[in-house]
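Take a look at the structure set out below.
Numbered from 1 within each chain, the chains take letters A, B, ... in sequence-line order.
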Amino acid sequence: MRFSQIFGHTLKEAPSDAQAVSHQYLIRGGYIHQVAAGLFSYLPLARRVLNKIEGILHEEMAMIGAQEITMPVVLPADMWQDSGRWYTIGSEMTKFHDRKDHDMVLAMTHEEALCDLAAKYIRSHKELPQLVYHIQTKWRDDARPRAGLIRVREFKMKDSYSLDTSWEGLDKQYRAHYQSYFNIFNRCGLDVLAVKSDTGMMGGKIAHEFMYLTPIGEDTIIYCDSCGYNSNRQVAEFEKPEAVKEDLKDVEKIETPDCKTIDDLAKFLDVPESRTAKAVFMVATIQEDNETEVEKFVLAILRGDMDLNETKLANAVKAKDLRPAHEDEIKAVGAVPGYGSPVGVKGAYVVVDDLAAESTNLVGGANEAGFHLLNLNCGRDFKADLVIDIAAAEAGYKCVNCGAELKAEKAVEVGNIFKLGTRYSEAMNVTYQDENGKLQPVIMGSYGIGVGRLLSCVVEQHNDEYGIKWPISIAPFQVEIVLLHDKKGTEAQEVAESLYEDFKAAGIEVLFDDRKESPGFKFNDADLIGIPLRLTVGRRALDKGGVEFKVRGEKDNEIVPVDEAVDKIKTEIQRLEKELRDRVQKVEYKD
RNA sequence: CGGAAUGUAGCCUAGUGGCUAAGGCGCCUGCUUUGGGAGCAGGAUAUCGGAGGUUCGAGUCCUCUCAUUCCGACCA
């Protein structure tokens, strides 16, 4: 490809909207164009990277026996009604009517479509197990797209679906993906960590997330350096500190103006946050039986220095869904937001974190604006319907396994693998006949990787002050020829042109900067775009007997004779490819 | 969906009620130049996000609205 003909161009300055490094470089390099919030066009350079990534995905899927299919992005609503998600997912899912006035849906993911397909094609245990996948567009009308390609509304995902007759079979396919995903990320040059993401209710349900650690991430990982424990904060376990125990003192009501947060309160009273009680008002949706759902008002009490872990709370009250309570709902039970506690509250299910229950003489809300109560004690001053661990893990707490201090790190989820079990197959009647002729639900798994998010995470990991440094495996081109024009002769031009032809003939992906620009301009663009290998053709190098070879990101360069340039580049490509290939290793599966 | 900020040419910015909206980058033409974002000369590109209002006069003040970004809620 000649640089002069590429659709799109580079920018010296990034638009002020772009804040994440990957967002800035991808825009400045002429890779992507933002159309609206969370909507991007991919220009030729980015498309080439996506093609490379998708190539790796296809190869790795083939390695674990997955067959490629394609399911539509527009789906009829009835399958989403069958799975129940038509009713449970909010405005993130886009619904519309087609010309015949049928309810339609833009696919957020393809479990329903796959189940619909499997229900029609899977008949016998002899046809199982199966593993199918596609790389297809998803639409999620996210309330808050951000950071360029990190969180978007329309994106492509590689999603695969396994179908098995047994939990052992599912486990096998699950572990195959676990390994496969490490291979994929390693081949793309991205460092990831696999963390447990949901132990959930429903017994055997297990999920892992593949996390790229970065401060711009939205997930928090809790990990332990000394024993290797790690987990998404949502489900992380930790050892609670000892409760402070004193002799019980009498309750005392005090005026606390403008103390709506624990922080305000602790400062105002000059007590540590750990001596306060925090009230969190939630509404849980609970499935009583197949037909009926009820909403339950839940009042969660924690020690003031701890955060509520909603996943733990949802599990504790067996909630299908959990949301923050609205202000009128809070008032309806007799509580006051900002000054809340269980004291005097009626009609709420009170869940008290075990540590808060053991702690004595805490400061809590009086359920009266501007007032708190001193010396609250669980059991004496208010009753707990349930005492259980509902606190979120945080850095500084102790590891449950080894007692070392836990650490926290932000991360972006670039992939996940999920043991669905029979959740969808039962709802959507995906069954097969077993050896005895009995109908059984198929046991499913689903496995996803966001392609654009992976691309942007690679840029986050591989860049410097000048631009992107692509890993060779997914670089839009393997080598860039930078021609420096020379008025005194045509030699440089001729050498560059003939090298360009030689590279193409040798099957090397080459970008030829043939533009009539100054050297500095071209070097800066080359660094920005980030092609791994560079050959500079100009008077100075020719006088020294060749062309100048340089690896992106390395300081040194060397003169290579013109007739050895193709071999040199071939060797270097192989060297860089080997580096990435060597990253691919057997990983130990961690439950 | 809550809180905040910002909208001036393709990009970055100036413009603090008063003349024809200014500069840099980029773009076009010509000449010159060619090893880390060259120089000179000429040129094109803005309904100042939109609507309404206040005013003799609005890019500037007010109201509404739209969009984008950031923080939070949310995230199958």
Please list, for nucleotides 3-6 of chain B, all pairs of protein and nucleotide N/O atoms separated by less than 3.5 Å.
none

Inset, instruction - Using heavy atoms to find the nearest nucleotide of RNA chain B for A:A37 and A:E111 separately, return the residue whose nucleotide is more 5′. - result: A:A37

Inset, instruction - Return the residues of residues 145-161 of chain A meeting this criterion: a heavy atom under 4.0 Å from some atom of RNA chain B. Order them by number, or give none. - result: A:P145, A:R146, A:A147, A:R151

Inset, instruction - Let me see the working for A:R423 and A:E111 under salt bridge (charged side-chain N to carboxylate O under 4.0 Å, His left out), right down to the final yes or no. - result: CA-CA 10 Å; A:R423 172 175 168 194; A:E111 278 81 12; over 6 Å; no

Legend entry - Counterpart residues, side chain to side chain contact (heavy atoms under 4.5 Å, CB included), relative to A:A236 (two or more places apart): A:I222, A:Y229, A:S231, A:A393

Legend entry - Distance, rounded to the nearest Å, where A:M282 contributes CE and B:A73 contributes C1': 10 Å

Inset, instruction - Could you list the residues that satisfy side chain to side chain contact (heavy atoms under 4.5 Å, CB included) with A:E413, not counting sequence neighbours? - result: A:E209, A:M211, A:D219, A:N416, A:R453

Inset, instruction - Determine, for A:R233 against A:D307, whether the closest basic-nitrogen to carboxylate-oxygen distance falls under 4.0 angstrom. - result: yes

Legend entry - side chain to side chain contact (heavy atoms under 4.5 Å, CB included) partners for A:Q136, two or more places apart: A:T70, A:V73, A:H110, A:H134, A:K138

Legend entry - Exercise: identify the closest heavy-atom pair between A:F281 and A:G340: CZ-CA, 3.9 Å

Legend entry - Side-chain N,O (A:R144) to OP1/OP2 (B:C71) below 4.0 Å: yes

Inset, instruction - Could you check how far CG of A:D486 sits from P of B:U33, rounded to whole Å? - result: 12 Å

Legend entry - Integer-rounded Å distance: B:U69 P and A:Q24 CD: 14 Å

Legend entry - Those residues of residues 9-17 of chain A lying under 4.0 Å from RNA chain B by at least one heavy atom: A:K12, A:E13, A:A14, A:P15, A:S16, A:D17

Inset, instruction - Could you tell me the separation between the CZ atom of A:F418 and the P atom of B:C75, rounded to a whole number of Å? - result: 13 Å

Inset, instruction - Check the distance between B:C74's C1' and A:M108's CE and give it to me in whole angstrom. - result: 11 Å

Legend entry - Consecutive-pair stems (3 or more, Watson-Crick or G-U, under 3.5 Å) for RNA chain B: B:1-7 with B:66-72, B:10-13 with B:22-25, B:27-31 with B:39-43, B:49-53 with B:61-65

Legend entry - Ionic contact status for A:R28 with A:E13, cut-off 4.0 Å: no

Legend entry - NZ or CZ of A:R515 within 45° of A:F3 ring axis and under 6.0 Å: yes

Legend entry - Whole-Å distance separating the CG atom of A:D141 from the C1' atom of B:C75: 12 Å

Inset, instruction - Answer yes or no: is there an ion pair linking A:E218 with A:R151, defined by an N-O contact shorter than 4.0 Å? - result: yes

Inset, instruction - Check for a donor-acceptor pair, side chain of A:S425 on one end and backbone N or O of A:V442 on the other, with a separation under 3.5 Å. - result: yes

Inset, instruction - Write out all pairs satisfying side-chain hydrogen bond (donor to acceptor under 3.5 Å, both in side chains) with one or both partners inside residues 296-305 of chain A, taking only residues at least two apart or from two chains. - result: A:R303-A:D305

Legend entry - Distance in angstrom units between A:R539 CZ and B:U33 C1', rounded: 17 Å

Inset, instruction - Fit a plane to each ring of A:F40 and A:H23, take the angle between them on a 0 to 90° scale, and name the class: parallel (under 30°), tilted (30 to 60°) or perpendicular (over 60°). - result: perpendicular

Legend entry - Strand-adjacent residues in residues 510-521 of chain A, judged by heavy atoms under 4.0 Å from RNA chain B: A:E517, A:S518, A:P519, A:G520, A:F521

Inset, instruction - Verify the ring-centre separation between A:Y31 and A:W470: is it less than 6.0 angstrom? - result: yes

Inset, instruction - Using the test side chain to side chain contact (heavy atoms under 4.5 Å, CB included), find all partners of A:N429 that sit at least two apart in sequence or belong to another chain. - result: A:T431

Inset, instruction - Answer yes or no: is there an ion pair linking A:R2 with A:D514, defined by an N-O contact shorter than 4.0 Å? - result: yes

Inset, instruction - For A:T109 and for A:N557, locate the closest nucleotide of RNA chain B by heavy-atom distance; then report the residue assigned to the nucleotide nearer the 5' terminus. - result: A:N557

Inset, instruction - Hey, can you tell me if A:F185 and A:F210 have their rings parallel, tilted or perpendicular (30° and 60° cut-offs)? - result: tilted

Inset, instruction - Verify whether the ring centers belonging to A:Y174 and A:H208 lie closer than 6.0 Å. - result: yes

Legend entry - Presence of salt bridge, A:D556 and A:K550, under 4.0 angstrom: no

Inset, instruction - List in chain and number order the residues that pass ring pair (Phe, Tyr, Trp, His ring centres under 6.0 Å) with A:F512, two or more places apart in sequence or in another chain; answer none if no residue qualifies. - result: A:Y500

With 3.5 Å as the limit, what N/O pairs link the protein to nucleotides 48-51 of chain B?
none

